[in-house]
> 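Just passing along the structure, written as structure tokens.
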Amino acid sequence: MEHMHPDHPETMDMKSPTMGHAGHDHHAMMIADFKRRFYIVLMLTIPIMLLSETIQHWLNIHIKFPGSNILILILSSVVFFYGGWPFLKGWWDEMKTWKPGMMTLIGFAITVSYIYSVATVLGLEGMDFFWELATLILIMLLGHWIEMKSVAGASRELELLVKLMPDDAHLIQGDMIMDVKTETLKANDVVLIKPGEKVAADGMIIDGESYLNESLLTGESKPVDKKRGDKVIAGSINGNGAIKVSVLHGVKDSYLSQVIKLVHDAEQSKSKTQLLADTAARWLTLIALVTGAATFLVWYLSGKGLSFSIERMVTVIVICCPHALGLAVPLVVAKSTALSAKHGLLIKNRTSFENARKITTLVFDKTGTLTLGKFAVSKIVVFQKELSENEFMRMIAALEQNSEHPIATGIMQKAKDLSISIPPVENFKAITGQGVEATVEGNAVKAVSPGYLKKEKINGPSNLTPNAGETIIFAIINNLVAGYICLADSIRPESIEAIQMLHDNHIKSVLLTGDNNAVAETVSKTLNMDSYFAEVLPQQKLEKIKELQSKGEFVAMTGDGVNDAPALAQADIGIAVGSGSDIAAETAGIILVNSNPKDIVSLILFGKATYRKMMQNLAWATGYNIIALPLAAGILYNYGILLSPAAGAALMSISTIVVAINASLLKIK
């Protein structure tokens, strides 16, 4: 977030992945610096106020001694040069680039007050402004200090991501284990991850099995079972098993570093809303200077005296500081980007994310996003009276226990759910392309496809029409067809909720898939989706998206970044799903680490919430100025209502703090 606002030299660089701790320390130093200046100015302001005639008049006290006016001049000069230094320096920086903003206004206001007050001590007719000057600088320092703390808070989420990386790793070399710094790891090193430790680098498990908690990286709350051959992500937390991991690449290329870089870039990238706020802040600066000068002239020419006219001008200029405006958007951006990253939503393009609120149609590419993509038993039918369902499953599971085939996995899962103990098999043999056979407890058992029955001219049930997308496996026990099992790709439990939530938000859902018509229809009907396109070839996907757009739909498409690139690029918003490993999904504006369809919905809702927060902040920042400016100019002077410069500064600081607090209330539902 370097220079969150172009007119903000004092809003320092947040921690970027490349800056290491330096950026963060620098920011902390800035906060400490404002804090120190605030307390010193506070101590000096008390005697300045006690020596001021106006305050003495109010408190009905009288303190005057030879040289008291020189003392107040000296104290105020310290306040001006020491307390006002950040503002004077900022003003100078802004003038160098010809971009007057926040600092120009404050710098100008305090300088005018100071020079005029010095002149009164040196003999000019009029009242000095020393106490107003001191309180003005005091409140400005306080406002900046509080605001910088809240800015730091918004970026702290990013630091939490940075902290996920462990500092040390246990490197295995032969029989030795050495502790080394994580950043020295390179591809093909082997590291040991003990139970409860963080994974030190992206890699592949070569030994051991454990459950890993990846929630901080992918937003997936359940620990994931990882065994030999599975990939692990640096920063995830190991459960109760020790694992040995072969490192894939150095720290710089790790998933986490890429996420941090992505978050950082997204905070840098300006969206339309941000540019709008910047323009508004520019204009506000000009309005402040012009209104300030006009206010001065009007009061001075109406005979109100120099001192009163200058005071009005200073108040107008201070109250108009476009500070709240300058922060309205960047604070929300920082918060939303970092929050998203922690929930497995990676925003590459801010404008895409803010446009999520305009989506009218969401295209789900392929059934696999809405379904689990793995087979589950949907029906068990047993023909033989003497065989119980469990007994039947036991025989088939015995045959499938050593196969890696998705169908076998589905059958084994069912056997596990029914807690069936699986007997060993003898004489196991595969029937090429059509099934398997073996001897189970003395019985000759075959698990075969319908094609095998046809080929062998075995009479199976005649009237069998499987549902769309169902696969049937027949069991032949001792040469009799004993029954069959239907398996189907099961719909994710979250899909139903996700589609319903889309409907609640008036967003149409469309399934776009290469699967056959029957499968697409089943999934689309079961989930109550608006429409589906089946048997679509990858190169036709682009056309289908265009077709929807030509009907005036604002289309978001979910796909897997790699092979759906053209269609993702064509869609108004491309969302790459389940490509956490492929952060460089170039064409997508947003990347979801998990393929959970509910994430897509929460992304859209979060996009809306973020936009709402920005708008609230902009409305507040502008509305505040519309009301405060005339008051500062003295429009209600005849009614005895007049804002002092310090009151103006307080109002300005409060408006900024309201914006900061509002931004920090942003949450992902």
> Only counting residues at least two apart or in another chain, list the ones meeting salt bridge (charged side-chain N to carboxylate O under 4.0 Å, His left out) with K508.
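Once residues adjacent in sequence are excluded, the partners of K508 under the salt bridge (charged side-chain N to carboxylate O under 4.0 Å, His left out) criterion are E553.
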> Where do L502 and I604 land on the side-chain contact (heavy atoms from CB on, under 4.5 Å) test, with the steps shown first?
CA-CA 9 Å; L502 287 173; I604 295 172; 4.1 Å; yes
> Which pair of non-hydrogen atoms, one from S336 and one from F353, has the smallest distance, and what is that distance?
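In this case the closest contact between S336 and F353 is OG-CE2, 3.9 Å.
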> Does a side-chain heavy-atom distance below 4.5 Å link L527 with I491?
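The answer is yes, as the side chains (C-beta and beyond) meet within the 4.5 Å cut-off.
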> Would you say that K613 contacts L665 through its side chain, given a criterion of any heavy-atom pair below 4.5 Å between the two side chains?
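Yes, close enough: below the 4.5 Å cut-off.
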> Among residues at least two apart in sequence or on other chains, which ones pass salt bridge (charged side-chain N to carboxylate O under 4.0 Å, His left out) with K525?
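Per chain and number, K525 pairs via salt bridge (charged side-chain N to carboxylate O under 4.0 Å, His left out) with E521.
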> Would you name the heavy atoms of A571 and M557 that are closest together and state the gap between them?
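Closest heavy-atom pair between A571 and M557: CB-CB, 3.7 Å.
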> Quick one: OG on S531 to CG on L512, what's the gap to the nearest 0.5 Å?
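It is 9.5 Å, given to the nearest 0.5 Å.
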> Output the distance between atom CE (M501) and atom OG (S509), rounded to the nearest 0.5 Å.
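Answer for the CE-OG pair, M501 versus S509, is 13.0 Å.
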> Does any part of the side chain of E497, heavy atoms only, come nearer than 4.5 Å to the side chain of P597, both counted from C-beta?
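A side-chain contact under 4.5 Å is absent here.
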> Rounded to the nearest 0.5 Å, what separation is found between the OH atom of Y532 and the OG1 atom of T522?
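Those atoms lie 8.5 Å apart.
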> What closest approach, in Å, do A556 and I359 show between heavy atoms, and which atom pair accounts for it?
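Residues A556 and I359, closest heavy atoms: CB-CD1, 3.5 Å.
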> State the OG-CG distance between S524 and L511, to the nearest 0.5 angstrom.
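Spacing of OG (S524) from CG (L511) equals 6.5 Å.
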> Do the non-hydrogen side-chain atoms of K544 and V363 ever get within less than 4.5 Å of each other?
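Heavy-atom side-chain distance check fails, nothing below 4.5 Å.
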> With a 4.5 Å cut-off on side-chain heavy atoms, are S495 and F364 touching?
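No, their side chains stay 4.5 Å or more apart.
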> Keeping the roles fixed (side chain from T513, backbone from A534), state whether a donor-acceptor pair exists under 3.5 Å.
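Not confirmed, T513 side chain does not pair with A534 backbone.
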> Run through I507, L362, L370 and flag the one making a side-chain contact (heavy atoms from CB on, under 4.5 Å) with I499.
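The option that passes is L370.
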> Taking C-beta and beyond as the side chain, do T409 and Q413 meet within less than 4.5 Å on heavy atoms?
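The answer is no; the side chains never approach within 4.5 Å.
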> With a 4.5 Å cut-off on side-chain heavy atoms, are K608 and N505 touching?
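Yes - at least one pair of side-chain heavy atoms lies under 4.5 Å apart.
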> Give the minimum heavy-atom separation between I472 and C486, together with the two atoms involved.
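Residues I472 and C486, closest heavy atoms: CG1-SG, 3.9 Å.
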> Before giving the answer on side-chain contact (heavy atoms from CB on, under 4.5 Å), spell out for N662 and W620 the whole-Å C-alpha distance, their side-chain angles and the decisive distance to 0.1 Å.
CA-CA 10 Å; N662 189 30; W620 165 262; over 6 Å; no
> Which residue, K546, Q549, K541, forms the side-chain hydrogen bond (donor to acceptor under 3.5 Å, both in side chains) with Q570?
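Of the listed residues K546, Q549, K541, the side-chain hydrogen bond (donor to acceptor under 3.5 Å, both in side chains) partner of Q570 is Q549.
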> Between K96 and D93, is there a salt bridge with N-O shorter than 4.0 Å?
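A salt bridge is present here (some side-chain N lies under 4.0 Å from a carboxylate O).
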> In Å and rounded to the nearest 0.5 Å, what is the CG to OG1 distance from D599 to T558?
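That separation rounds to 11.5 Å.
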> Would you sort out whether H503 and N528 count as a side-chain contact (heavy atoms from CB on, under 4.5 Å), showing the intermediate values?
CA-CA 10 Å; H503 282 163; N528 188 19; 4.1 Å; yes
> Within the distance-only criterion (no hydrogens, no angle test), does the side chain of D530 pair as donor or acceptor with the backbone N or O of V510 below 3.5 angstrom?
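Pair absent, no side-chain N/O of D530 close to backbone of V510.
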> Evaluate the side-chain proximity of N355 to F554: yes if any heavy-atom separation is below 4.5 Å, no if none is.
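Yes; the side chains approach each other to less than 4.5 Å.
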> How many angstroms lie between atom NZ of K227 and atom CD1 of I205, to the nearest 0.5 angstrom?
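With rounding to 0.5 Å, NZ (K227) is 9.5 Å from CD1 (I205).
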> Mark yes or no for whether K226, through its side chain, and K231, through its backbone, hold a donor-acceptor pair below 3.5 Å.
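Yes; judged by distance alone, with no hydrogens or angles, the pair exists.
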